[in-house]
Amino acid sequence: MLGSGRDRALKKLRKDLRSGLYSYLVLSILEREGELHGYAIRKRLSELSNGKLVPSEGALYDILKSLKKYKLLEDFWVEVNGRPRKYYRLTNLGREVLRELRGEVMEIIETLERLVVEE
């Protein structure tokens, strides 16, 4: 069986909520910390969220691929201890888009805070 309606609804809504949030967080981390490889981005997400908002490795690389497709970030190879690693950094377009998104995120936070106060 597919699970209860509650479980299916929670799974779907969590996925929807997190998908855009992860992209925003990745852009923000790269803006703040500069050039990072995928594992370092995932580790930083884990640290910031106390392990609660951490995409799977596959999901993270899909997010990075999508952000690259929209030219919000670029990747490049660096040899570290004799091993090649793919690093990511924000593009100028990525910075510009992030600035605009930050305003929307602040509006969302303010709305959520008002909802909590009303409860």
Side-chain angles (χ1 to χ4, degrees):
M1 185 156 183
L2 294 175
S4 73
R6 175 188 170 276
D7 292 344
R8 287 193 321 263
L10 277 171
K11 183 176 180 179
K12 163 91 170 87
L13 292 173
R14 281 184 179 133
K15 181 181 178 196
D16 290 351
L17 184 62
R18 290 179 181 198
S19 65
L21 179 61
Y22 286 146
S23 294
Y24 175 79
L25 291 172
V26 166
L27 292 172
S28 295
I29 287 168
L30 289 172
E31 178 192 46
R32 178 183 289 183
E33 303 196 16
E35 302 167 347
L36 295 172
H37 54 83
Y39 176 77
I41 295 169
R42 191 167 184 269
K43 184 176 177 192
R44 191 67 181 118
L45 282 168
S46 181
E47 291 167 356
L48 288 168
S49 70
N50 295 320
K52 293 184 172 95
L53 292 174
V54 185
S56 69
E57 286 182 32
L60 176 60
Y61 287 102
D62 287 345
I63 291 163
L64 292 168
K65 184 178 175 182
S66 175
L67 294 171
K68 183 180 171 191
K69 175 183 169 189
Y70 288 105
K71 301 188 183 324
L72 302 179
L73 57 80
E74 58 190 10
D75 60 11
F76 59 99
W77 290 94
V78 174
E79 191 171 314
V80 179
N81 297 326
R83 293 178 38 205
R85 291 202 118 159
K86 188 183 280 192
Y87 275 70
Y88 299 88
R89 66 179 157 228
L90 275 184
T91 62
N92 288 335
L93 179 61
R95 281 181 186 69
E96 183 180 320
V97 167
L98 180 59
R99 271 193 300 274
E100 289 193 36
L101 288 176
R102 190 165 281 133
E104 287 188 41
V105 167
M106 295 310 297
E107 288 178 24
I108 291 168
I109 290 169
E110 290 170 9
T111 301
L112 290 172
E113 287 173 344
R114 282 192 295 274
L115 276 172
V116 170
V117 169
E118 289 179 4
E119 291 179 354

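All values below come from the heavy atoms of this structure, side chains included, with hydrogens, waters and symmetry mates left out.
- A distance of 14.5 Å separates OG of Ser19 from CZ of Arg14, quoted to the nearest 0.5 Å.
- Interatomic distance, Arg42 CZ to Leu64 CG, rounded to the nearest 0.5 Å: 12.0 Å.
- Here CG of Leu30 is found 12.0 Å from CZ of Arg32. Values are rounded to the nearest 0.5 Å.
- In the hydrophobic clustering of this structure, Leu21 does not group with Leu10; members are Ile, Leu, Val, Met, Phe, Trp, Tyr whose side-chain heavy atoms approach within less than 4.5 Å, directly or through other members.
- Between the side chain of Arg95 and the backbone N or O of Leu90, at least one donor-acceptor pair lies under 3.5 Å.
- When every heavy atom of Ala59 is checked against every heavy atom of Pro55, the shortest pair comes out as CB-CB, 4.0 Å.
- A ring-ring contact (aromatic ring centres under 6.0 Å, His included) check over residues 27-53, counting only residues at least two apart or in different chains, returns the pairs His37-Tyr87.
- One distance of note links CG of Leu60 with OH of Tyr22; it measures 9.5 Å at 0.5 Å rounding.
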Checking side-chain contact (heavy atoms from CB on, under 4.5 Å) for the pair Leu48/Leu25: CA distance, chi angles, key distance, verdict?
CA-CA 10 Å; Leu48 288 168; Leu25 291 172; 5.8 Å; no
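- Considering every non-hydrogen atom in both Asp16 and Lys12, the closest pair reads OD2-NZ, 2.5 Å.
- Separating the CZ atom in Phe76 from the NZ atom in Lys86 is a distance of 11.5 Å, to the nearest 0.5 Å.
- Linking ILVMFWY residues whenever their side-chain heavy atoms come closer than 4.5 Å, directly or via other members, places Leu27 and Met106 in the same cluster.
- Using modelled atom types, no side-chain atom of Arg89 and backbone atom of Glu74 make a donor-acceptor pair closer than 3.5 Å.
- Remark: Glu96 does not engage Arg99 in a salt bridge, criterion side-chain N to carboxylate O under 4.0 Å.
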Let's go through Asp7 and Lys11 carefully: what are the C-alpha distance in whole Å and the side-chain angles of both, what is the deciding distance for salt bridge (charged side-chain N to carboxylate O under 4.0 Å, His left out) to 0.1 Å, and is it a yes or a no?
CA-CA 6 Å; Asp7 292 344; Lys11 183 176 180 179; over 6 Å; no
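- A distance of 11.0 Å separates OG in Ser23 from CG in Leu98, rounded to the nearest 0.5 Å.
- A continuous path of hydrophobic side-chain contacts links Leu53 to Tyr24 [ILVMFWY only; heavy atoms under 4.5 Å].
- Residues Leu36 and Val54 do not share a hydrophobic cluster, defined by chaining ILVMFWY side chains whose heavy atoms lie under 4.5 Å apart.
- What you find for Gly38 and Tyr61 is that their closest heavy atoms are CA-OH, 3.4 Å.
- Side chain of Thr91 to main chain of Lys71: a donor-acceptor pair is present (N/O by atom type, distance under 3.5 Å, no hydrogens or angles).
- For residues 52-68, the salt bridge (Lys or Arg N to Asp or Glu O under 4.0 Å) pairs, not counting sequence neighbours, are Lys68-Asp75.
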